[in-house]
Amino acid sequence: MEEKKKLYTLLVYSENVAGILNQITAVFTRRQVNIESLNVSASSIEGVHKYTITAWSDEDQIIKITKQIEKKIDVVKANYFTDDQLFIRETGLYKLSTDLVMQNPEISRTIRRG
């Protein structure tokens, strides 16, 4: 019986070295798994970057992909999660003119309430 594909999120932490992104994405390419989204940023640990990758796959294949990524020398840690296991928070940052905020009491109330 074929296992149904789910959306998995991989969190990969690696040292900040040139070429590691190519090595990580090549693991997906070799297994013919399409990356839905990819976000790379510095982590809270100096010199370590965080990769957030989402892809549709079955659990057996995502386990193999995660293990292959974790074998890379410059990768510190790799984990996978389903949507049920993740808590996602989105934040917006807006820059407003102080004069505009002070002149409009509705904007000021909305900011203070948030």
* Asked: Checking S43 side chain against V48 main chain: does a donor-acceptor pair fall under 3.5 Å?
  -> yes
* Structure fact -> In short, P105 meets Q103 closest at the heavy-atom pair CD-O, 3.4 Å
* Of all the heavy-atom pairs spanning E36 and L7, show the shortest one and how long it is. => CG-CD1, 4.2 Å
* Asked: Going from OG1 on T29 to CG on N34, what distance comes out if it is rounded to the nearest 0.5 angstrom?
  -> 9.0 Å
* Asked: Are I53 and W56 linked, directly or through other ILVMFWY residues, by side chains that come within less than 4.5 angstrom of each other?
  -> no
* Asked: How close do Q61 and D58 get, heavy atom to heavy atom, and via which atoms?
  -> N-OD1, 2.9 Å
* Structure fact -> In terms of heavy-atom contacts, E70 and V75 come closest through CA-CG1, 4.0 Å
* Asked: Can you list the steps and then say if T82 with Y8 is a side-chain contact (heavy atoms from CB on, under 4.5 Å)?
  -> CA-CA 5 Å; T82 61; Y8 286 93; 3.5 Å; yes
* Is the backbone N or O of S37 less than 3.5 Å from a side-chain atom of T54, with the two atoms forming a donor-acceptor pair by type? -> yes
* Atom CZ of R31 and atom CD of Q68: how far apart are they, to the nearest 0.5 Å? -> 4.5 Å
* Start with the C-alpha gap between L10 and I24, add the side-chain angles, then the distance that decides, and say whether side-chain contact (heavy atoms from CB on, under 4.5 Å) holds. => CA-CA 11 Å; L10 278 78; I24 290 170; over 6 Å; no
* Hey, are the side chains of L21 and L38 touching, using non-hydrogen atoms and a 4.5 Å cut-off? -> yes
* To do: For K72 and V27, work out which heavy atoms get closest and say how close.
  => CE-CG2, 4.0 Å
* Give a yes or no on whether V17 and V12 share a hydrophobic cluster (residues Ile, Leu, Val, Met, Phe, Trp, Tyr; joining criterion: side-chain heavy atoms under 4.5 Å apart). => yes
* Asked: Taking the side chain as C-beta and beyond, is there a heavy-atom pair between Y51 and I20 under 4.5 Å?
  -> yes
* Single-linkage hydrophobic cluster, 4.5 Å side-chain cutoff, V33 and V40 together -> yes
* Asked: What is the distance from atom NE2 of H49 to atom CG of D74, rounded to the nearest 0.5 Å?
  -> 12.5 Å
* Asked: When clusters are formed by joining ILVMFWY residues with side-chain heavy atoms under 4.5 Å apart, either directly or through shared neighbours, do I63 and I35 land in the same one?
  -> yes
* **Minimum-distance pair of heavy atoms, taken over all atoms of T66 and A78** => CG2-O, 3.6 Å
* **Pairwise distance CG(N79) to OG1(T9) - rounded to 0.5 angstrom** => 12.0 Å
* **Atom pair CD1/OH of I69 and Y80 - distance to nearest 0.5 Å** => 13.0 Å
